[in-house]
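Lettering follows sequence order; numbering is per chain, from 1. Values below: all heavy atoms of this structure, side chains included; hydrogens, waters and symmetry mates excluded. Fair warning: this is a prediction, and the values are worked out from it, not measured in the lab.
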Amino acid sequence: MEHGPGGVVWSSAAVHLQVGDRLPPFVLAYVDLAGSDGAAGPRVLARVGVGAELLPGTVVAITGTDEGDIVVEPVLVSPDDCAGTSESADVGGGGGVARGPGLDDGGVDRGA
Amino acid sequence: MGVSTVERDVGFARRVGISGVGTSAFGRFPDERIEALGWQAVAEALDDAGISPGDVDAAYVGSVFGAPGVANRVLAGVGLAGIPTFRIEAACASGTVAFHEACTAVGSSRYDCVVAVGVEQLSTQFAGPIVPEASDPEGRAGLALPALYALQANRYLHRFGHDPSLLAHVAVKNKANGSRNPRAHLGGAPPSFDEVLASRPIAGPLTLLQCCPMTDGAAAAVVSPFEASGPTRAVEVRASTFVSGVHWGAGSDEPWGVGAVRAAAERAYAMAGVGPAEVDVLEVHDAFTIGEVLTLEALGICEPGEGIHLAPSGHTAHGGRQPVNPSGGLLARGHPLGATGLAQTAELVWQLRGEAGERQVEDARLALLETMGGGAAGVDANACVVALLGGAS
């Protein structure tokens with residue numbers, strides 16, 4: 001099945017623990033990739049390249065890999081450009097918005 | 001997307017009871033032999049049941065990181081060599097699956113007296129948190145369990161628009177419960193709400209005090225036919241159901257694990273002929289604060305999106321309408337993975353007998369046990385067991 005090269009964040013979280021060789025902080029996200037012909041693509045675990053949590057619904061693009069991990073970054077596109085994902089109709093407040101370390105967003109991004 | 005499938009042999013052909021329980025203390029015991037933890041638990045359970053090792057027909061032993069042969073070494077040390085022995089690994093639900101299999105074996109008349117044991121020693125395995133399994137694609141990508149739960153938490157908080165600080169109430173409640181449990185790993189003075197929130201960030205909205213400790217310990221239960229297990233003190237296993245996870249991915253809007261818990265719970269309620277409102281006390285899998293919230297919703301204790309209010313409202317507090325984790329739960333009693341399910345079982349047996357001391361839940365007659373083990377890429381759980389236990393009426 002063809003999919004990508006982007007998708008929509010299902011959820012993301014900043015990790016403040018060292019996990020194996022991965023030094024904190026780093027940010028992981030489940031991303032629902034855009035499928036072909038309007039179908040939903042697979043949900044993959046990705047590294048968020050911007051180093052900040054992304055709201056569910058944020059549209060992202062795969063920008064490369066890092067030691068085998070998929071790396072995604074947010075893109076400012078219309079949600080309609082990402083049809084076929086489970087989030088395509090639910091991106092209202094979050095589409096394309098990255099939560100940076102300095103944002104006061106109610107505690108979703110603690111100390112990243 | 002599939003729906004979690006409950007194994008077919010969930011019904012009991014005869015009534016099943018728990019006639020004895022026992023545990024070790026819970027904490028960090030790197031200088032102990034893991035077997036010694038198991039011996040304490042099994043010896044107490046046999047004594048509690050009033051039986052000798054020669055009365056036991058078989059044993060089911062749950063352990064995740066215990067070395068090969070640990071089950072037989074534990075059993076041999078308390079005189080249980082020479083009986084059929086089954087080692088089970090189902091992540092955090094290992095001990096609960098061992099308990100479920102013991103119940104199924106007695107309920108089907110395969111055996112008449114079975115010991116279920118859980119044993120774990122994490123302090124000798126990990127210097128810090130559990131390192132995710134590198135052969136699992138998501139483990140290799142760095143998805144430690146706190147991160148997995150943080151992803152669920154952020155999705156849940158976003159979907160329902162909740163304040164993340166509400167999660168801290170679960171930690172405050174369970175650590176207060178643990179302060180009344182002399183066997184708990186973290187049994188000291190409980191932290192305040194502000195102290196929970198101010199503790200070190202771990203992953204997403206989860207701070208250190210919202211995460212379970214790395215715990216060593218063991219627990220055991222003696223399972224036998226209800227009528228033969230001294231009904232005045234015996235606890236009846238009115239239902240026990242076990243599901244394995246199904247595919248979880250795009251198109252699954254529910255947080256990971258919720259479907260597995262719900263599938264097991266619905267069948268358990270049907271098997272026992274009760275509903276969630278009838279449950280008096282619960283021990284559930286609260287490895288992280290969000291885990292208790294999502295589990296209580298999946299169990300039908302409240303509607304989706306409302307679970308985060310159960311702790312701050314007092315509904316799940318000691319003295320509340322449906323106390324949850326009176327032992328302190330995984331957050332305070334501790335989480336010795338393979339032993340956790342049987343530690344939960346022991347607490348509920350003591351509650352139903354009225355033997356829980358200052359933790360006692362008033363008029364506890366129906367108890368719910370739930371453990372969900374996770375951490376396998378692409379599926380919504382590793383395994384989940386829900387059991388309903390009834391006291392003597």
Portion of A:A46 that has a non-hydrogen atom of chain B nearer than 4.5 angstrom: neither

Evaluation steps, ring-ring contact (aromatic ring centres under 6.0 Å, His included), between B:H309 and B:H315: CA-CA 9 Å; B:H309 299 302; B:H315 184 98; over 10 Å; no

Of B:I290, B:L166, B:D163, B:I308, the residue whose pairing with B:L157 passes side chain to side chain contact (heavy atoms under 4.5 Å, CB included): B:I308

Interchain contact, A:Q18 with chain B, by part (heavy-atom threshold 4.5 Å): neither

Side chain to side chain donor-acceptor pair (under 3.5 Å): pairs with one or both residues in residues 138-150 of chain B, sequence neighbours excluded: A:Y30-B:E138, A:D69-B:R140

Most contacts with chain B, counted as non-hydrogen pairs under 4.5 angstrom, among A:V31, A:I70, A:V15: A:V15

Donor + acceptor pair across side chains of B:T340, B:H335 (<3.5 Å): yes

Top contributor to chain A contacts, counting heavy-atom pairs under 4.5 Å, from B:V131, B:I202, B:L143: B:I202

Under 4.5 Å from any heavy atom of chain A - which part of B:L167: neither

Contact class of B:P137 relative to chain A, heavy atoms under 4.5 angstrom: neither

Residues B:S135 and B:E133: side-chain donor-acceptor under 3.5 angstrom: yes

